[in-house]
Amino acid sequence: MEQTDTGAERPEDTAAMPVMAGDASGECFPLEFTGRGGDYFGIWIVNLLLTLLTLGIYSAWAKVRRLQYFYRNTQLAGASFDYHGNPRAILKGRVIAVAMLIAYQVAGGVHPGLGALVAVALALVLPRLLLRSLQFRLANSSYRGLRFRFDARLKDAYRVFLGWPLLAFVTLYLLAPFCHQRLKQFQHGNAVFGQTRFAFSAPVRAFYALYFKMAGALVLGGVLIAVLGVGLHGAAQTLGGGRLGAGLIAVFPLIALLVLFFFIRPFFEALSQNLVWNHTQLGEHRFVSTASVWRLFWIRLTNLFAVLFTLGFYHPFAVVRLLRYRLQTVSVLAAGDLGAFVAGSTDPVGATGEEAAELFDIDIAL
Amino acid sequence: MSVVGDYYDGRSTRRRRVTLDHDRGFLQVRGDDVERREALAALRLSEPMGAAPRLVTFSDGAFCEIRDHAGLQRLLAETGHRDACVVRWQFSVRWIAVASLFCLAALFAAYRWGLPWVSARVADALPDSVAETVSDRVLAVLDERYLAPSRLPEARQAAIAARFSALAMPGEPVARAHLVFRANRAMSANALALPSGTIILTDDLVALARRDNELMAVLAHELGHVEERHGLRQAVQSTLVGLLAAWFLGDVSSVVAAAPAVLLEAKYSRDAEREADLFAERLLQANGISPRCLVDILQRLDHAESSAGSAPEFLSTHPETIRRSEALVGGACE
């Protein structure tokens, strides 16, 4: 029972660099994904079975295998990525995370005040956990044998995961785009490949523009639905469509609104993936992202129906399909002569943060 | 037998083209600036992952990426290597089929037995204060939108309440039931049980009943819901189903995720109606009332509703009345 996050925050895209001595300057290397739904289905179903039979314990091993499948099938300039997470460390992290969740539930059941106290305590350790989560992910990701690293200060983690969100809440989310920008700056600006740092340069106003576009799409869609609804209603009255026609007109706005809300997600996803990756650099090398709103919308919509009509068995195919599109729309623009990247320091990082973040369903993608 | 690969030393991203050979328990790697000979036992081979390259990793972190899968298979056959069983299962059609069937069976079992069992445990574990808070809130909403104060004469209300509280309970005494009278605004003739034990009886239903025993039969049925904690169980169940569906479908809008929950639920509530019928049957017999009384009033209710049109059984939360009539037997209602 593995839920796959397919966000752009997957370190395989967080980190990509063709690094061959003598690569021509200014060359463009697209990310390629060689995963296939059929292959992944086998991995998914066997791991699901073992996870059920072991009452969830095997899920840590399943997670490692799933990520290895995705990483190793992601190719850049003829070399693949790899994931090195240790299942035992992940299992330990999951146990701790479950214990925290139970502590929270029990405390809430004993007394609401106690529950609130535990919630505040959790909120206070959360930035530390999220930081560890990023560190664990990147420290266990590699490309051409070189590890990534997340090198951020704890102080900044508190600012990004607690300080700015609180401020956004107080200002009725007027600062949400600002928060989003600071988060991406934190994630992308502190990643390191070998000894080379990533840099993030998207300005705050670009994020405000993104959110305005989203609001505009919502308003435009809403107006369109209202006009169409009124028009249909008028047409039906003059033509006299009967009971069936009346029923269809009654459900039209409902369905149209559902589609609109469903559309907003890929809209936001595509635009933010492009914004973020077009403003990310690794040393002198740049990234180009060209995700299309409509393609993403189509993939998500067809995936949804396929998953529903197959009782969930299409899930692995859906994941692979979405991931392939999102990865293939990102390329690396290698600038100048690409010297060899060399290894930096590598310290083992515990998995507690990552697992806690997943269990509490904190989407660090946004 | 040799195979071509890319060698990385783990300290830089420099790629070296190499060939790998097997030589009596050793792996020989030769290529640009590389010349290594390692015992097979000291090497680690990555699992096959579809089209992804396989990796042979040395103890010092250096590794070879191999994309020539057929060549590697021949080399491995020479060394007598065999993949772990889990790995073989993942790519064997038979094991994938077995795993799929087992997962389907587990899914069905979880729905059929696991979920009701868990919901019943959770509902039983919930403190009474929760049931009361929930019921008060539901009653408030019903009063605001669907119900009006009853227009039945006080004396009639008191008489029904008195007969109700005089009913002898079969087996263990039931939770504190408490009767309230309301007139409908938007609902047809009905009786409703809330988790706290409050039973709402509408004026239309009182009018529909030809005998007081029929009213007692309906109340006994509602008491069955209270006794079995159906209201809470269903609330817990729908929350669980909704959460599971949302979790599995993941990135699906919650409205679509709620659809399977609604369909799954219809069956649970039909089961609940049957349980309440059985409880009513026992209670009525303990009080010398024929279970036919319940059938009679249900049939009249059904008749009153069918003019408004009714849903097919898989969408309906009440089992069709005919089927219920067959389940409940006894002498004529008097």
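All chains are named by letter (A, B, ...) in the order of the sequence lines, taking the proteins before the strands, and each is independently numbered beginning at 1.
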For the residue pair [X] and [Y], what are the closest heavy atoms and their distance?
X      : Y     : result
A:R144 : B:F63 : C-CZ, 3.8 Å
A:D39  : B:A51 : OD2-N, 4.2 Å
B:A52  : A:T34 : N-OG1, 4.4 Å
B:E65  : A:A79 : OE1-CA, 3.6 Å

Nearest 0.5 angstrom please: [X] [atom1] to [Y] [atom2], how far?
X      : Y      : atom1 : atom2 : answer
B:T13  : A:L146 : OG1   : CG    : 6.0 Å
B:L104 : A:F313 : CG    : CZ    : 3.5 Å
A:F70  : B:M49  : CZ    : CE    : 10.5 Å
A:Q75  : B:R67  : CD    : CZ    : 4.5 Å
B:E47  : A:R65  : CD    : CZ    : 4.0 Å
A:I45  : B:F102 : CD1   : CZ    : 11.0 Å

(message) Tell me if the CZ atom of B:R37 is crowded by more than 12 foreign heavy atoms within 6.0 Å.
(response) yes

(request) Flag yes if more than 12 heavy atoms outside A:R36 fall under 6.0 Å of its CZ atom; otherwise flag no. (result) no

Please look at [X] and chain B and tell me whether the side chain, the backbone, both or neither of the residue comes under 4.5 angstrom of a heavy atom of that chain.
X      : value
A:Y58  : side chain
A:Y69  : both
A:D82  : side chain
A:A318 : neither

(message) For B:L55, is there any backbone N or O sitting under 3.5 Å from a side-chain donor or acceptor partner on A:R72?
(response) no

(message) What part of B:A106 gets within 4.5 angstrom of chain A, counting heavy atoms only: side chain, backbone, both, or neither?
(response) side chain

(request) Please look at B:S46 and chain A and tell me whether the side chain, the backbone, both or neither of the residue comes under 4.5 angstrom of a heavy atom of that chain. (result) both

(request) Could you tell me which of B:S100, B:A62, B:S92 has the largest number of non-hydrogen atom pairs under 4.5 Å with chain A? (result) B:S100

